[in-house]
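The structure appears right after this line, and notes come after that.
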Amino acid sequence: MNFSLEGRTYVVMGVANKRSIAWGIARSLHEAGARLIFTYANERFEKPVKDLVSELEGQDALFYECDVTDDDAVNKTFEEIKGDVGTIHGLAHCIAFANKDDLKGEFVDTSRDGYLLAHNISAYSLVAVARAAQPLMTEGGGIVTLTYLGGERVVQNYNVMGVAKASLDASMKYLANDLGKHGVRVNAISAGPIRTLSAKGIGDFNSVLKKIEETSPLRRTVTQEEVGDTAYYLLSDLSRGVTGEIIHVDSGYNILGLS
Ligand code: NAD
């Protein structure tokens with residue numbers, strides 16, 4: 001079995017800074033020999049992302065601006081990628097957003113606009129991106145998205161983002177069923193809490209990290225690198241029989257009952 005990703009091209013969506021989970025995924029794919037394509041939400045991220053990527057020795061990366069709330073932007077991005085590289089072998093979707101006010105207090109207070117915003121950016125975007133990317137995966141491929149336990153269970157303060165993650169999880173499974181006949185696998189990684197820009201918006205995030213350190217089977221939080229290596233597995237032939245799956249990279253926290 002060849003574990004190398006040399007000769008393969010992957011799109012990584014959602015690097016904001018060096019703490020981003022997407023950056024952990026990019027580094028794992030780079031180390032495995034992949035060529036990388038980065039998309040970022042708007043021009044504000046262009047320089048920081050390009051500066052970070054310049055640290056990846058020998059990486060001949062491409063960059064595109066892509067706001068996933070805009071169907072035209074999503075379609076244009078993948079048309080441009082098709083023109084520039086032809087075939088891609090996979091994609092990492094590492095994108096989510098909700099209003100800060102909706103990530104504290106009670107879920108019952110979520111506004112209609114806040115609910116729709118979170119679902120638009122954090123769940124529907126996977127559908128739009130998968131539809132646009134699949135035709136470029138002419139040799140088959142893999143799509144990985146990032147989810148959280150708050151989509152399966154009630155997690156304090158996670159609120160509307162938990163409901164959006166439940167929608168993302170179900171979307172991932174329906175997409176896996178649709179795209180499997182094209183040789184495209186679709187999976188999710190349920191990452192344990194990691195201190196990132198997005199995580200900063202979640203109320204009392206420090207207590208969540210502490211809880212994982214105190215009670216998870218591994219008694220520690222997880223790193224971007226650990227999530228990155230699982231994404232590498234899911235985007236490589238090592239996982240060729242796996243689709244529609246959620247893999248928890250969370251120090252085992254999800255197996256606990258009362259603790
Ligand atoms: P992050 O802030 O580094 O990444 C979120 C990315 O989403 C950013 O790059 C941001 O620019 C992008 N984004 C937001 N709106 C967008 C739009 N309209 N168009 C395009 N891109 C847009 O934070 P992260 O924690 O690395 O988040 C990545 C993914 O991991 C998210 O789906 C998040 O829910 C998930 N996740 C995070 C944790 C955690 O604890 N950090 C745990 C489980 C899952």
Side-chain angles (χ1 to χ4, degrees), residues 11-27 38-46 48-49 52-53 63-74 76-77 91-100 102-103 116-126 128-129 132 143-153 155 157-169 171-172 188-209 211-212 216 221-228 230-231 246-251 253-254:
V11 179
V12 179
M13 309 185 79
V15 176
N17 57 36
K18 67 173 193 247
R19 290 178 181 268
S20 295
I21 297 178
W23 184 237
I25 293 176
R27 276 184 297 163
F38 293 86
T39 74
Y40 47 86
N42 56 53
E43 59 189 14
R44 190 160 58 90
F45 293 103
E46 182 175 356
V49 172
L52 264 184
V53 175
F63 302 87
Y64 304 85
E65 183 177 320
C66 181
D67 177 347
V68 295
T69 60
D70 179 349
D71 279 334
D72 290 342
V74 171
K76 185 167 160 270
T77 299
L91 179 148
H93 169 277
C94 317
I95 291 173
F97 185 80
N99 286 327
K100 210 171 168 187
D102 290 328
L103 298 173
L116 294 176
L117 177 76
H119 283 71
N120 188 12
I121 298 182
S122 317
Y124 182 74
S125 64
L126 179 70
V129 162
I143 297 176
V144 168
T145 189
L146 288 169
T147 188
Y148 181 56
L149 187 64
E152 300 171 65
R153 320 253 176 87
V155 173
N157 291 327
Y158 204 61
N159 297 354
V160 71
M161 189 53 83
V163 180
K165 289 301 190 194
S167 168
L168 179 73
D169 295 353
S171 301
M172 178 276 292
I189 298 172
S190 182
I194 299 176
R195 207 185 291 280
T196 63
L197 194 64
S198 296
K200 268 190 189 164
I202 300 164
D204 210 9
F205 191 69
N206 284 341
S207 309
V208 178
L209 293 172
K211 178 93 175 159
I212 303 294
S216 70
T221 54
V222 296
T223 64
Q224 283 88 338
E225 288 73 22
E226 288 166 336
V227 178
T230 300
I246 300 175
I247 299 185
H248 294 83
V249 181
D250 66 348
S251 298
Y253 184 76
N254 74 94

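Both ligands and their constituent atoms are indexed starting at 1 by order of listing. Along the sequence shown, the residues carry numbers beginning at 1.
- Given atom 13 (N) of ligand 1, the protein heavy atom at minimum distance is I95 CG2, 3.8 Å.
- Ranked by closest heavy atom to atom 31 (C) of ligand 1, the top entry among A96, G201, G24, P48 is A96.
- For T147, every heavy-atom contact with ligand 1 shorter than 4.0 Å involves the backbone, none the side chain.
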side-chain contact (heavy atoms from CB on, under 4.5 Å) assessment of E46 paired with Y40
CA-CA 7 Å; E46 182 175 356; Y40 47 86; 3.4 Å; yes

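- At a heavy-atom cutoff of 4.0 Å, ligand 1 is contacted by both the backbone and the side chain of I21.
- Taking a cut-off of under 4.0 Å to the non-hydrogen atoms of P193, the atoms of ligand 1 that pass are 40 (O).
- The side chain of K165, and not its backbone, has at least one atom closer than 4.0 Å to an atom of ligand 1 (non-hydrogen atoms only; side chain from C-beta on).
- The ligand atoms of ligand 1 that sit less than 4.0 angstrom from a heavy atom of G192 are 40 (O), 42 (C).
- In this structure, I212 and D250 have side chains that are not in contact, with every pair of non-hydrogen atoms separated by 4.5 Å or more.
- In summary, the atoms of ligand 1 found under 4.0 Å from a heavy atom of F45, numbered by their order in the structure, are 11 (O).
- Scanning the protein for heavy atoms near atom 24 (P) of ligand 1, the closest one is T196 OG1, 3.4 Å.
- Listed by atom number, the atoms of ligand 1 under 4.0 Å from I194 heavy atoms are 39 (C), 40 (O), 41 (N).
- R195 has its side chain within reach of N206: a pair of non-hydrogen atoms, C-beta onward, lies under 4.5 Å apart.
- Taking the six-membered ring for Trp and thresholds of 30 and 60 degrees, F38 and W23 have ring planes inclined between 30 and 60 degrees apart.
- Residue contacts with ligand 1, taken as heavy atom pairs separated by less than 4.0 Å, involve V68 via backbone and side-chain atoms alike.
- Between H93 and S122, the shortest heavy-atom contact is CE1-O, 4.1 Å.
- Summarising the geometry, atom OG1 belonging to T223 is positioned 13.0 Å from atom CZ belonging to R19; distances are rounded to the nearest 0.5 Å.
- For ligand 1, the atoms sitting less than 4.0 Å from at least one non-hydrogen atom of L197 are 2 (O), numbered in the order shown with element in parentheses.
- Ranking the protein heavy atoms by distance from atom 21 (N) of ligand 1 puts A41 CB, 3.5 Å first.
- Counting protein heavy atoms under 4.0 angstrom from atom 10 (C) of ligand 1 gives zero.
- Across all non-hydrogen atoms, the minimal contact from L126 to I143 is CD1-CG2, 4.0 Å.
- A heavy-atom distance below 4.5 Å is not found between the side chains of L103 and N157.
- Once rounded to the nearest 0.5 Å, the distance linking CG of L149 with CG of N254 reads 6.0 Å.
- When non-hydrogen atoms are compared, ligand 1 lies under 4.0 Å from neither the backbone nor the side chain of W23.
- Protein heavy atom at the shortest distance from atom 18 (N) of ligand 1 is D67 OD1, 2.9 Å.
- Listed by atom number, the atoms of ligand 1 under 4.0 Å from S198 heavy atoms are 1 (P), 2 (O), 4 (O), 5 (C), 23 (O).
- Of the heavy atoms in V15, only backbone atoms (N, CA, C, O) come closer than 4.0 Å to ligand 1.
- Between F45 and P48, the closest heavy-atom pair is O-CD, 3.4 Å.
- Among protein heavy atoms, atom 28 (C) of ligand 1 sits closest to C94 O, 3.4 Å.
- Using a 4.0 angstrom heavy-atom cutoff, C66 counts as in contact with ligand 1.
- Listed by number with element, the atoms of ligand 1 under 4.0 angstrom from any heavy atom of G14 are 4 (O), 6 (C), 8 (C), 9 (O).
- Between H248 and E152, the closest side-chain pair of non-hydrogen atoms falls below 4.5 Å.
- Heavy-atom distances between Y40 and ligand 1 stay at or above 4.0 Å for every pair.
- Less than 4.0 angstrom separates some heavy atom of I121 from each of these atoms of ligand 1: 15 (N), 16 (C).
- The protein atom (non-hydrogen) at minimum distance from atom 3 (O) of ligand 1 is S20 OG, 2.6 Å.
- C94 and I25 make their closest contact through SG-CD1, 3.8 Å (heavy atoms, listed as atom of the first residue, atom of the second, distance).
- Counting only heavy atoms of the protein, atom 35 (C) of ligand 1 lies nearest to L146 CB, 3.8 Å.
- Looking at V227 and T230, their side chains never come closer than 4.5 Å, going by heavy atoms from C-beta outward.
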Verdict with supporting geometry, T69 and N120, side chain to side chain donor-acceptor pair (under 3.5 Å):
CA-CA 7 Å; T69 60; N120 188 12; 5.2 Å; no

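- Minimum interatomic distance between S167 and A123 (heavy atoms only, all atoms of both residues): OG-CB, 3.5 Å.
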